[in-house]
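Only one structure is covered here, and it is reproduced in the block below.
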Amino acid sequence: MRGFWLAILTTFSLSLAQGLLLESDLVQTFELRPGEEARGAVRLRNAGKTPLTVSLSLGDYREGEGFMGLGEAPRSLGPQGIALETDRVTLLPGESRDVGFRVRFPAGLSGTRYAAILVAPEAEAREEPGEGARVGLRVVQRYAVLVLASYGGEAQVVFTVGQGGEGRSSLEAENLGGSRFYYPRVGYQVVGPGGVVAQGELGTFLFLPGEPKRLSLALPPLSPGEYQAVLFLDDGYKAYAVRAPFSLR
């Protein structure tokens with residue numbers, strides 16, 4: 001799931017890829033009482049050979065809708081709940097630096113509130129192409145760090161749709177009635193008439209309150225017959241399992 005938060009955009013410029021690296025977690029969680037404040041940080045590193053200026057901003061994120069302005073999502077921390085200590089930093093080649101932020105859990109609320117810190121290198125000044133100039137492809141790395149602040153609440157993951165066949169099985173799940181995030185590792189088994197025919201790990205997935213999540217797994221070559229895909233979700237505190245029957249003809 002962590003790689004999901006990395007958005008890579010391609011643009012044309014006079015240089016090759018920039019060297020911005022994010023060395024902190026893409027999901028940062030805080031347990032706070034209403035009105036309590038905490039400090040966090042994102043660590044940035046310039047892996048390139050020239051100075052790099054990085055811009056930071058705040059926004060909201062919703063599954064299936066993408067990024068939006070801070071305060072627009074229903075469970076946003078909002079402008080009163082999160083603040084950056086700076087919105088711009090310049091890193092020398094090879095330099096790492098922590099950029100701090102403050103999180104405050106809203107008074108009178110419970111469950112999980114969240115926001116995203118958006119991190120991107122600033123655009124380089126363009127030169128007018130002249131004789132001998134070479135235009136190449138630059139990959140601009142833009143990171144989004146999701147900040148979750150929680151007080152109480154509970155996750156309630158409900159599996160709503162099961163589909164199978166054509167070499168894959170997928171389930172749609174939603175933290176429908178839950179007010180708290182759920183961040184489990186997900187494993188699976190495929191069970192046939194003779195027992196387990198395949199099993200493995202899908203990785204770690206984040207279930208935000210009130211938002212959908214689709215999980216897919218590729219099926220091995222199977223003979224025609226009746227099967228079940230079983231998913232196991234466990235964050236070390238709360239576990240779920242679901243069976244999704246499917247037929248192969």
**Request:** Could you pull out the closest heavy-atom pair between L109 and P34, with the gap in Å?
**Result:** O-CG, 3.7 Å
**Asked** From I82 CD1 over to S76 OG, what is the distance, rounded to the nearest 0.5 angstrom?
**Response** 8.5 Å
**Asked** Do other residues, nucleotides or ligands put more than 12 heavy atoms under 6.0 Å from the CZ atom of R39?
**Response** yes
**Asked** After noting the C-alpha distance and the side-chain angles of Y151 and L32, does the key distance pass the side chain to side chain contact (heavy atoms under 4.5 Å, CB included) rule?
**Response** CA-CA 6 Å; Y151 172 72; L32 301 171; 6.0 Å; no
**Request:** Report yes or no: does N175 contribute a side-chain atom to a donor-acceptor pair with the main-chain N or O of E211 at less than 3.5 Å?
**Result:** no
**Item:** Nearest heavy-atom neighbours spanning V157 and A173
**Value:** CG1-CB, 4.0 Å
**Fill in**
Heavy-atom closest pair (S24 atom, V42 atom, distance to 0.1 Å) is OG-CA, 3.3 Å
**Message:** Is it the case that the side chain of D98 and the backbone of A41 share a donor-acceptor pair, with hydrogens and angles ignored and the cut-off at 3.5 Å?
**Reply:** no
**Asked** Do any N or O atoms from the side chain of D25 and from the backbone of Q28 form a donor-acceptor pair under 3.5 angstrom?
**Response** no
**Message:** If I take atom CG from residue L22 and atom OG from residue S96, how far apart are they, to the nearest 0.5 angstrom?
**Reply:** 10.5 Å
**Fill in**
OH of Y114 to OH of Y61, rounded to nearest 0.5 Å, is 9.5 Å
**Prompt:** Between the main-chain N or O of A155 and the side-chain N or O of K238, is there a donor-acceptor pair closer than 3.5 Å?
**Reply:** yes
**Prompt:** Taking atom CD of E201 and atom CZ of F232, what is their separation to the nearest 0.5 Å?
**Reply:** 10.0 Å
**Asked** Is F30 atom CZ crowded by more than 12 heavy atoms from other residues, nucleotides or ligands, each under 6.0 Å away?
**Response** yes
**Message:** Using the rule given for side chain to side chain contact (heavy atoms under 4.5 Å, CB included), can you reason through V99 versus V54, listing the C-alpha separation, both sets of side-chain angles and the distance that settles it, and then say yes or no?
**Reply:** CA-CA 11 Å; V99 179; V54 180; over 6 Å; no
**Prompt:** salt bridge (Lys or Arg N to Asp or Glu O under 4.0 Å) with R75: which residues, sequence neighbours excluded?
**Reply:** none
**Asked** So how far is it from I117 CD1 to L84 CG, rounded to the nearest 0.5 Å?
**Response** 5.5 Å
**Complete:** Note: L20 and Y143 closest approach over all heavy atoms is O-OH, 3.4 Å
**Message:** The criterion is salt bridge (Lys or Arg N to Asp or Glu O under 4.0 Å); which residues satisfy it with R88, sequence neighbours excluded?
**Reply:** E122
**Request:** Work out which heavy atom in L202 is nearest to a heavy atom in S216; give both atom names and the distance.
**Result:** CD2-O, 3.8 Å
**Request:** Taking the side chain as every heavy atom from C-beta outward, state whether E72 and R62 have any pair of such atoms under 4.5 Å apart.
**Result:** no
**Sub-4.5 Å side-chain heavy-atom contact between T29 and F181** = yes
**Asked** How many angstroms lie between CG in L56 and OG1 in T86, if you round to the nearest 0.5 Å?
**Response** 7.5 Å
**Request:** Check for a donor-acceptor pair, side chain of R180 on one end and backbone N or O of G152 on the other, with a separation under 3.5 Å.
**Result:** yes
**Request:** Identify whether L92 and L21 are in the same connected component of the hydrophobic contact network (ILVMFWY, side-chain heavy atoms under 4.5 Å).
**Result:** no
**Prompt:** Between F207 and Y182, what is the ring plane arrangement, given parallel below 30°, perpendicular above 60°, and tilted in between?
**Reply:** tilted
**Request:** Please step through side chain to side chain contact (heavy atoms under 4.5 Å, CB included) for the pair R243 and V230, ending with a clear verdict.
**Result:** CA-CA 5 Å; R243 294 178 179 268; V230 186; 3.7 Å; yes
**Complete:** In short, R104 meets L77 closest at the heavy-atom pair O-CD2, 3.9 Å
**Asked** In terms of hydrophobic clustering (I, L, V, M, F, W, Y; side-chain heavy atoms under 4.5 Å; direct or indirect links), are L231 and V191 co-clustered?
**Response** no
